[in-house]
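Lettering of chains follows the sequences in order, A, B, ..., and the numbering in each one begins at 1. What's counted below: heavy atoms across the whole structure, side chains too, no hydrogens, waters or symmetry copies.
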Amino acid sequence: MVTIISTMETQVSNGPSGTSLPNGPVISTNGSTDDSKTNLIVNYLPQNMTQEEFKSLFGSIGEIESCKLVRDKITGQSLGYGFVNYVDPNDADKAINTLNGLKLQTKTIKVSYARPSSASIRDANLYVSGLPKTMNQKDMEQLFSQYGRIITSRILVDQVTAGISRGVGFIRFDKRNEAEEAIKGLNGQKPLGAAEPITVKFANNPSQKTGQALLTQLYQTAARRYTGPLHHQTQRFSMIPSLGKGPDPNNSSKPILDNLLNASYGVKSSPTLFPRFSPITIDSMTSLAGVNLTGPTGAGWCIFVYNLSPEADESVLWQLFGPFGAVTNVKVIRDFTTNKCKGFGFVTMTNYDEAAMAIASLNGYRLGDRVLQVSFKTSKQHKA
DNA sequence: TGGGATT
């Protein structure tokens with residue numbers, strides 16, 4: 001897995017002090033800058049988690065030497081990951097054992113030792129789409145491993161069908177140049193036995209989202225504010241207590257975890273409470289309430305919507321489907337060059353009953369001079 | 001009258 005160079009170095013007992021490690025920090029006389037056993041990287045943090053919440057959560061394990069939630073330089077938006085450097089290596093170990101895999105909102109956080117920082121490991125993360133649904137993580141790693149050392153990989157799966165591949169994934173290489181070579185070698189190529197070529201490109205940061213994606217998030221956040229239990233929303237994160245002896249993911253009496261765990265997508269809604277969205281409403285509401293953005297998810301029931309007009313946008317889908325229940329994501333498929341809607345889109349809803357009701361009500365619905373066709377998404381592959 | 005996807 002991850003080779004931590006300075007770990008090997010500390011095993012050399014007679015090394016001179018002040019040695020400069022390859023790709024690593026200079027070890028001082030007392031060895032205090034060798035943080036390979038104390039410094040952790042935390043991935044997949046909820047978008048709206050603050051530095052204070054981050055520190056509070058990890059400070060509950062033990063004394064922190066330093067910690068940093070990484071943010072976009074310009075927008076200040078969290079990039080969804082951070083670093084925690086403990087004073088005691090035992091606490092770092094404990095943090096991995098206790099907090100790795102913790103579910104916060106829609107995310108499952110990952111806690112692991114950080115690699116020594118260096119310029120060459122930056123921007124080495126790839127986003128892969130068009131993967132055959134039969135391809136698993138191991139297959140994908142095998143395909144990419146010819147270009148370099150893989151640090152992490154993942155294939156995204158549908159939550160409802162319990163593990164069916166969504167045909168998209170991520171590959172992080174050790175070095176940026178390895179990732180570049182993989183793009184050159186694999187983008188647009190068909191994996192052995194595959195019918196369609198795959199797309200390989202550098203992955204986005206959360207901060208690199210398009211305006212449209214950000215707008216989608218605003219709608220989502222707004223939808224949740226109207227459809228979720230309001231008492232959670234209004235007091236969220238207002239108090240940051242110490243977690244005391246150690247975090248217990250099941251103990252809901254701990255306010256920070258309580259808030260993070262409960263602000264999930266599976267909220268009930270009342271059609272009569274659902275507003276007519278407009279970007280202006282969303283905007284003012286968001287800034288007044290200090291609402292933070294939360295990312296979309298692949299979880300839920302995917303609905304195919306056909307016969308949208310070329311002018312259709314995401315707000316149309318929110319307005320159509322929002323009244324039926326919890327909508328987690330909407331997508332209008334556009335032509336790459338004209339940016340006009342190609343006549344169809346997708347809506348993801350959390351609850352089956354609400355999705356089924358939306359389909360029953362909206363299939364055949366007349367929108368302007370068009371009659372919509374609405375159904376659960378079917379897989380092309382499984383069609384006769 | 002049909003398929004995106006960003007941990």
To the nearest Å, give me how far apart CG (Asn204(A)) and C1' (dG4(B)) are.
14 Å
Please answer whether dG2(B) and Phe304(A) are stacked, defined here as ring centres separated by less than 5.5 Å and planes angled under 30°.
yes
Salt bridge check: are Glu314(A) and Arg334(A) linked by an N-O gap of less than 4.0 Å?
yes
For the pair made of CZ in Phe170(A) and P in dT7(B), what is the distance, rounded to whole Å?
5 Å
Would you kindly give the CD1-to-C1' distance between Ile164(A) and dA5(B), to the nearest whole Å?
16 Å
Is a donor-acceptor pair below 3.5 Å formed from side chain Ser129(A) to base dG4(B), judging by atom type as modelled?
no
Is the gap between the ring centers of Phe304(A) and Phe376(A) under 6.0 Å?
no
Could you check which of dA5(B), dT1(B), dG4(B) has an atom nearest any side-chain atom of Tyr306(A)?
dT1(B)
If you check the Lys201(A) side chain, which of dG3(B), dT6(B), dT1(B) turns out closest?
dT6(B)
Closest to the side chain of Thr152(A), out of dT6(B), dT7(B), dG4(B), is dT7(B)
Rounded off to whole Å, could you give me the CG-to-C1' distance for the Asp158(A) and dA5(B) pair?
11 Å
Close side-chain approach of Phe202(A) and Asn125(A), heavy atoms under 4.5 Å
no
From CZ of Phe346(A) over to C1' of dT6(B), roughly how many Å is that when rounded to an integer?
17 Å
Using a heavy-atom cut-off of under 4.0 Å over every strand shown, decide if Asn43(A) touches base, sugar-phosphate, or nothing.
nothing
Using the ring pair (Phe, Tyr, Trp, His ring centres under 6.0 Å) criterion, which residues pair with Tyr127(A)? Sequence neighbours excluded.
Phe170(A)
Rounded to the nearest angstrom, tell me the gap between atom CG in Leu102(A) and atom P in dT7(B).
18 Å
Which listed nucleotide (dT7(B), dA5(B), dG4(B)) is nearest to the side chain of Cys302(A)?
dG4(B)
Check the phosphate of dA5(B) against Lys331(A), side-chain N and O only, distance under 4.0 Å to OP1 or OP2. Yes or no?
yes
Can you tell me how far C1' of dT7(B) sits from CG of Asn100(A), to the nearest Å?
13 Å
Compare the minimum distances between each of dG2(B), dT7(B), dT6(B) and the side chain of Tyr44(A), then state the nucleotide with the smallest one.
dT7(B)
Under 4.0 Å between any heavy atoms, over every strand shown, what does Lys377(A) touch: base, sugar-phosphate, or nothing? Just pick one.
base
To the nearest angstrom, how far is Lys107(A) atom NZ from dT7(B) atom P?
4 Å
With a 4.0 Å limit, can you tell me whether Arg334(A) has a side-chain N or O closer than that to the phosphate oxygens OP1/OP2 of dG4(B)?
no
Tell me which nucleotide among dT6(B), dA5(B), dG2(B) gets nearest to the side chain of Ala203(A).
dT6(B)
Which nucleotide wins on minimum distance to the side chain of Phe344(A), given the candidates dT1(B), dG2(B), dT6(B)?
dG2(B)
Please name all residues satisfying side-chain hydrogen bond (donor to acceptor under 3.5 Å, both in side chains) with Ser153(A), sequence neighbours left out, ordered by chain then number.
Gln137(A), Glu141(A)
Starting at CD1 of Ile121(A), measure out to CZ of Phe173(A) and round the result to the nearest 0.5 Å.
14.5 Å
